[in-house]
Amino acid sequence: MPQRYSIAAIILHWAIAALLAFQIAVGWALEDLGARGFDLFQLHKSVGITILALTLLRIAVRYWKPRPPAKEGGWQGGLASAVHFGLYAFMLAAPLTGWALVSTAKVKVPTLIFGVIPLPHLPVPASAHELAEGSHGLIAWIGIALFLLHVAGALRHHLLLRDGLLWRMAPGRSQLWLVALPALILIGFLAGRAIVPTGAPPAPAPVGQDMDMGNDAANMAEAQNAAVAADADNAAANASAVADEEPGEPPAWAVQPGGAIRFSVGNDGETISGAFSKWTAQIVMDPARPESADLSVTIDMTSASVGDAYKDGMLPGDEFFATAAHPTATFTAKGAQETSPGRYSADGTLTLKGVSKPQSIRFSLSGDGATRRVRGIASITRAAFGVGNGDSSGSLAPQVAVTFDFTARRKD
């Protein structure tokens, strides 16, 4: 019988041990991080599935390659075998219960292994969520206990019995291996602790008061307000250009390609920003007679993206936009008011997620002639429309800043 494990078994043993140390370091911190731990939670899931795959491979290698004979019999040998069996059970059960936990959560967050490989949810009933959650935490503590027993047993053999047991799990008989290989476990743990956010979440940046948006608008409002204020420099020219136009039917305007509708919301001291890639607008308005305005904007809610595959996968769900039942949102307004040269407000109705509520927007017009640039902002109370109504939304700010910026050309 061989006196050393196969190279494949040795590599898998130490790789799994380092990843488990990483998982323990990260897992301890996740519950206290709230929304700041979202990306870390996705990494935790990816590493967990990796451990599951490597453990299955390790079991296959265990039966494929011959193993060294047991060093001890009696109760000591029986305890060692029980600890080994327990560790294998832990390495399988921990990721599986974590997978079940994610699969039974109310908010279906998609799992992409390291942001690339999609992982389907397990066919587990939602009623099993509490069991999966409790089991996952308990199994983690049992795994830590087994890990410590395993280490204690290895040190007993090496330091007290001096039977060379540790050499069986090293590629060569060198003291360097006895330092380098266990150091991988410490490195894994320290790496996990290093990527955990520390300290209190950063305070959100102050938001400008321009356009009567108030302090609850998201950070994007400040930048947008600055841009709107800059448009006032063109207001005089804009007003003079339209003053000479004969009153009559207000002109219709066609939105040109390249425009954008964006949104942002505070999230536990940070900001989540995104955009809608598909939307249309029908605009009728004489800038000299803003009361003539007839505005209608339709947004394809399925086109929302924040640039993160995990979060994007949550947006269509019932907790946020419920796009299966309500694929579009609309804003309509009849008439507008000029608040200062070149700057306007419009009071209309926003229909979102099947709910219609009064909504105001603020916007500016710059340029002259047949082409105008339109920039504006709205502050939307998300709870009024049932957006962000689940457990994962508790850290979201109550107001969402929506900004728009596009060019419109007058139709002949």
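Keep in mind that the numbers below use all heavy atoms, side chains included, and drop hydrogens, waters and symmetry copies.
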Seminar exercise, completed: CZ of Phe22 to CD1 of Ile51, rounded to nearest 0.5 Å, is 9.5 Å
For this session: Report yes if some heavy atom in the side chain of Ile261 is under 4.5 Å from a heavy atom in the side chain of Val297; otherwise report no.
Result: yes
For this session: Please report the closest heavy-atom contact between Ser356 and Thr349, naming both atoms and the distance.
Result: CB-CG2, 4.0 Å
Exercise. Between Trp99 and Val124, does a side chain to side chain contact (heavy atoms under 4.5 Å, CB included) hold up when you go through it step by step?
Worked result: CA-CA 10 Å; Trp99 192 356; Val124 182; over 6 Å; no
Exercise. Does Trp14 reach the main-chain N or O of Met169 with its side chain, forming a donor-acceptor pair under 3.5 Å?
Worked result: yes
Exercise. With a 4.5 Å limit on heavy-atom distance, are the side chains of Thr55 and Leu12 in contact?
Worked result: no
Exercise. In Å and rounded to the nearest 0.5 Å, what is the CZ to CD1 distance from Phe147 to Ile24?
Worked result: 6.5 Å
Problem set entry | Atom pair CG (Leu365) and CE (Met285), whose distance is rounded to the nearest 0.5 Å | 5.5 Å
For this session: Quick one: do Ile142 and Phe90 satisfy side chain to side chain contact (heavy atoms under 4.5 Å, CB included)? Show the steps, please.
Result: CA-CA 8 Å; Ile142 292 175; Phe90 159 67; 5.9 Å; no
Exercise. Just by modelled atom types, is the Phe406 backbone N or O under 3.5 Å from a matching donor or acceptor in the Gln256 side chain?
Worked result: no
For this session: With rounding to the nearest 0.5 Å, note down the distance linking CG in Leu57 to CZ in Arg62.
Result: 14.0 Å
For this session: Test side chain to side chain contact (heavy atoms under 4.5 Å, CB included) on Val284 and Gln282 and set out the steps.
Result: CA-CA 7 Å; Val284 174; Gln282 288 74 46; over 6 Å; no
For this session: Inspect the surroundings of CD in Glu291 and state if more than 12 heavy atoms from other residues, nucleotides or ligands are less than 6.0 Å away.
Result: yes
Problem set entry | Heavy-atom side-chain proximity of Leu352 to Lys357 below 4.5 angstrom | no
Exercise. Can you say whether the rings of Phe263 and Phe321 are parallel (under 30°), tilted (30 to 60°) or perpendicular (over 60°)?
Worked result: perpendicular
Exercise. How are the rings of Phe404 and Phe363 set relative to one another: parallel (under 30°), tilted (30 to 60°) or perpendicular (over 60°)?
Worked result: tilted
Exercise. Does Phe85 CZ have over 12 foreign heavy atoms under 6.0 Å away?
Worked result: no
Exercise. Which distance, rounded to the nearest 0.5 Å, do you find between the CG of Leu138 and the CD of Glu133?
Worked result: 12.5 Å
Problem set entry | Atom pair CZ (Arg58) and CG (Leu87), whose distance is rounded to the nearest 0.5 Å | 11.0 Å
For this session: Indicate the atoms forming the closest heavy-atom contact of Val61 with Ala8, along with that distance.
Result: CG1-CB, 4.2 Å
For this session: Report yes if some heavy atom in the side chain of Asp294 is under 4.5 Å from a heavy atom in the side chain of Pro250; otherwise report no.
Result: no
For this session: For the pair Arg382 (side chain) and Val265 (backbone), establish whether a donor and an acceptor sit closer than 3.5 Å, ignoring hydrogens and angles.
Result: no
Exercise. Is any side-chain heavy atom of Gln399 less than 4.5 Å from a side-chain heavy atom of Thr381?
Worked result: yes
Exercise. Taking the side chain as C-beta and beyond, is there a heavy-atom pair between Trp177 and Ile10 under 4.5 Å?
Worked result: no
Problem set entry | His136, His121, His129 screened by side-chain contact (heavy atoms from CB on, under 4.5 Å) with Val102, the one that passes | His121
For this session: Applying side chain to side chain contact (heavy atoms under 4.5 Å, CB included), run through His13 and Tyr5 and close with a yes or a no.
Result: CA-CA 10 Å; His13 175 275; Tyr5 284 90; over 6 Å; no
For this session: Flag yes if more than 12 heavy atoms outside Asp318 fall under 6.0 Å of its CG atom; otherwise flag no.
Result: no
Problem set entry | Minimum heavy-atom distance Lys278-Ser303, with the two atoms named | N-OG, 3.1 Å
